[in-house]
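Quick caveat, the model's predicted, so the values are computed rather than measured.
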Amino acid sequence: MPDTLLKVRNLNAWYGESYILHDLNFDVHRGEVVTLLGRNGAGKTTTLKTIMGMLKQHTGSVTFAEKEMLNLTSDEVARSGIVLCPEERGIFSSLSVEENLLLPPVLQAGGMTIHEIYELFPILKERAASRGTHLSGGEQQMLAIARILRTGATLLLLDEPTEGLAPVIIEQIGSILSEIKKRGFTILLVEQNFYFASSIADRHYVIEEGHVIDEIKNTELEQNTEKLKNYLGI
Amino acid sequence: MAELLGMPPQLFFGQLLLGLINGAFYAMLSLGLAIIFGMLQIVNFAHGATYMVGAFGAWMLMNYLGIGFWPALILTPLIVALLGVILERLVLKHLYDLDHLYGMLATFGLALIIEGLFRQAYGISGLPYEIPTQLQGGTNLGFMFLPNYRAFVVLMSIILCFGTWYLIERTKMGMYLRATTENRELVRAFGIKVPRLITATFALGVGLAAFAGVMAAPIYQVNPLMGNNLIIVIFAVVVIGGMGSILGATLAGYLVGLVEGLTKAYYPEASSTVVFILMIIVLIVRPSGLFGKEQ
Ligand SMILES: Nc1ncnc2c1ncn2[C@@H]1O[C@H](COP(=O)(O)OP(=O)(O)O)[C@@H](O)[C@H]1O
Ligand SMILES: [Mg+2]
């Protein structure tokens with residue numbers, strides 16, 4: 001039996017009148033990298049935000065390490081050990097790179113030290129005194145990932161970390177995520193780039209119009225390539 | 001040096017000093033207003049009333065409890081900050097998700113209520129408050145006479161403004177404040193108790209206003225309308241400095257005070273409108289204010 005860290009059951013969510021997530025069910029096991037694949041507007045970001053406690057209207061259940069998360073506020077979810085790297089990256093322009101890095105508080109033991117982070121992301125050390133938003137897009141994405149590694153959270157929610165980046169940067173991010181996985185972090189990754197997803201993930205869930213429509217093991221990806229391309233419209 | 005820029009130096013420096021004193025108060029008040037706006041996204045129309053309550057707090061401590069200026073300078077801001085916490089928890093927190101207009105109307109109403117209560121109780125003729133004995137008298141600088149208390153006000157204002165700037169730009173608490181101003185949801189999702197941070201910020205802002213009120217008590221009459229007369233100028237100061245800019249609010253406070261002083265010296269008829277002329281010029285030339293970020 002795998003050790004299930006995150007269990008999502010019959011998750012529904014709304015923005016006002018619009019019904020976005022329909023009875024979502026999926027699991028993430030400890031130490032796994034799981035992706036949510038799907039087209040634009042499928043509900044991937046909404047799923048992450050709902051898990052994170054950032055949305056108010058929902059029903060169903062999200063348990064993390066056996067604890068119900070769904071009615072907690074987002075700061076309480078964070079303190080339970082989940083942290084989000086948002087789609088828009090959320091780099092603060094009034095904070096230096098180093099301040100951006102130090103902003104998320106250390107909430108549990110076991111996170112990476114600032115020294116280890118600078119080793120993994122040497123560019124951030126070089127640019128420590130710059131304003132956060134003066135970095136290039138790729139560097140900002142590195143910063144957005146780097147700063148959540150300190151917190152001690154064991155589950156990382158990464159929302160499209162490769163969006164809009166050059167192939168060489170995407171490759172760097174891929175090797176960083178592999179390294180992070182080796183260190184024992186569990187990752188729920190939202191992606192549209194399925195080549196990238198397949199390079200690091202263990203399993204994939206396909207989301208369409210707020211439903212989970214398929215689950216594919218990474219080892220069975222080859223047989224399913226055509227189906228997946230069809231799902232993603234590529 | 002019988003004449004300076006076309007007038008006796010005594011008069012010139014006298015008006016300049018008056019401008020500097022007013023500027024010191026503008027700076028202290030616009031600072032608090034800017035901080036509150038940044039964090040709560042509320043244009044706090046009750047800021048002037050808070051300043052007035054600060055002055056009355058000092059007066060009440062003195063007249064009812066025999067507590068003098070120095071303890072009042074510490075106690076009053078603390079008491080007012082505590083009242084601010086209650087107000088924020090009870091009323092303001094319900095307004096954050098609504099349009100700015102609700103915050104403006106609610107605080108405007110609050111200001112009317114608070115000022116009305118004090119008018120009812122104390123009338124509008126103004127109550128005297130003594131300058132503390134240690135700061136009575138003055139120093140003759142040769143070209144002008146500098147009252148000690150007024151020098152003290154300017155000094156305290158500079159210290160306070162610098163202290164607040166330091167808190168926001170150089171400390172961890174300030175880092176959280178700046179980040180929350182930019183993206184409240186994300187800061188909270190990182191595990192920071194943002195609602196508590198917002199309450200603390202409001203307490204700090206109103207505490208600053210009350211501190212200014214205590215400082216004002218010995219200079220201006222303690223009067224229920226003293227804040228009402230000031231608040232519109234303070235808003236102009238914040239607009240000139242740049243909405244949300246701490247440095248801008250401070251420097252614009254002094255700038256406006258000095259410009260007013262000089263106008264009083266040269267063209268007294270315009271002295272109460274010059275602020276708004278300045279504001280309009282700034283809005284035309286640099287709509288985001290002197291130190292505001294371009295949008
Ligand atoms: N703040 C919002 N208010 C209303 N509808 C929204 C909001 N954010 C997203 N949506 C809608 O929810 C659906 C899912 O969006 P999202 O979760 O961002 O998709 P994805 O991340 O898969 O591209 C879309 O139809 C989008 O238009
Ligand atoms: Mg998205």
Side-chain angles (χ1 to χ4, degrees), chain A residues 16 45 48-56 69 72-108 111 129 131-133 143-144 146-159, chain B residues 31 34-35 37-39 41 89 93-99 164-201 241-250 288-289 291-295:
Chain A
T45 298
L48 296 191
K49 286 193 168 171
T50 311
I51 294 172
M52 204 61 229
M54 297 166 86
L55 244 80
K56 292 211 178 86
M69 293 286 114
L72 301 185
T73 56
S74 60
D75 54 313
E76 291 166 338
V77 173
R79 269 177 269 125
S80 307
I82 308 181
V83 69
L84 170 74
C85 177
E87 187 169 12
E88 66 288 352
R89 298 184 188 130
I91 300 304
F92 295 92
S93 67
S94 61
L95 270 58
S96 69
V97 168
E98 184 159 76
E99 283 179 319
N100 267 285
L101 213 44
L102 296 176
L103 180 79
V106 175
L107 300 167
Q108 288 178 353
R131 289 212 162 267
T133 43
L143 177 56
R147 70 177 169 191
I148 64 174
L149 301 176
R150 268 180 75 248
T151 61
T154 44
L155 175 61
L156 313 180
L157 311 181
L158 306 180
D159 199 345
Chain B
L31 192 62
I35 295 172
F37 178 75
M39 278 294 269
Q41 299 289 304
R89 287 290 82 196
K93 76 162 181 185
H94 301 291
L95 308 173
Y96 300 149
D97 293 334
L98 305 174
D99 194 275
T164 309
W165 174 85
Y166 188 89
L167 173 77
I168 291 182
E169 294 296 331
R170 292 286 180 271
T171 69
K172 193 165 176 181
M173 160 94 176
M175 176 174 95
Y176 288 154
L177 292 188
R178 276 177 283 140
T180 305
T181 300
E182 274 190 57
N183 188 342
R184 185 188 304 200
E185 273 70 40
L186 186 57
V187 171
R188 186 158 194 199
F190 283 148
I192 294 162
K193 293 177 179 159
V194 168
R196 215 175 276 184
L197 207 56
I198 290 178
T199 309
T201 306
M243 213 70 184
S245 162
I246 304 299
L247 185 67
T250 308
S288 53
F291 292 84
K293 286 188 204 84
E294 303 277 352
Q295 241 118 70

Q | Other residues, nucleotides, ligands: >12 heavy atoms within 6.0 Å of B:D97 CG | A |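 No, the 6.0 Å shell around CG holds no more than 12 heavy atoms from other groups.
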Is it the side chain or the backbone of [X] that comes within 4.5 Å of chain B heavy atoms, both, or neither?
| X | result |
| --- | --- |
| A:L107 | side chain |
| A:I91 | backbone |
| A:V83 | side chain |
| A:S94 | both |

Q) Side-chain contact, heavy-atom cut-off 4.5 Å: A:D159 with A:P86? A)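 Answer no - side chains too far apart.
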Q) Do the side chains of A:D75 and B:V187 get nearer than 4.5 Å, heavy atoms only? A)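 Contact flag for B:V187/A:D75 side chains = no.
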Q: Under the side-chain contact (heavy atoms from CB on, under 4.5 Å) rule, what do B:F37 and B:M243 come out as? Steps first, then yes or no, please.
A: CA-CA 8 Å; B:F37 178 75; B:M243 213 70 184; 3.6 Å; yes
Q. Can you tell me how far the CG atom of A:L143 sits from the OG1 atom of A:T133, to the nearest 0.5 Å?
A.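 So the gap between those two atoms works out to 10.0 Å.
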Between [options], which shows the greatest number of heavy-atom pairs under 4.5 Å with chain B?
| options | answer |
| --- | --- |
| A:G90, A:P105, A:G53, A:S96 | A:P105 |
| A:P104, A:A153, A:G132 | A:P104 |
| A:R147, A:M52, A:E76 | A:R147 |

Q) Checking B:R184 against B:Y96: charged group under 6.0 Å from the ring centre and within 45 degrees of the axis? A) yes
Q: Identify which of B:E169, B:K193, B:E185, B:K172 forms the greatest number of heavy-atom pairs closer than 4.5 Å to chain A.
A: B:K193
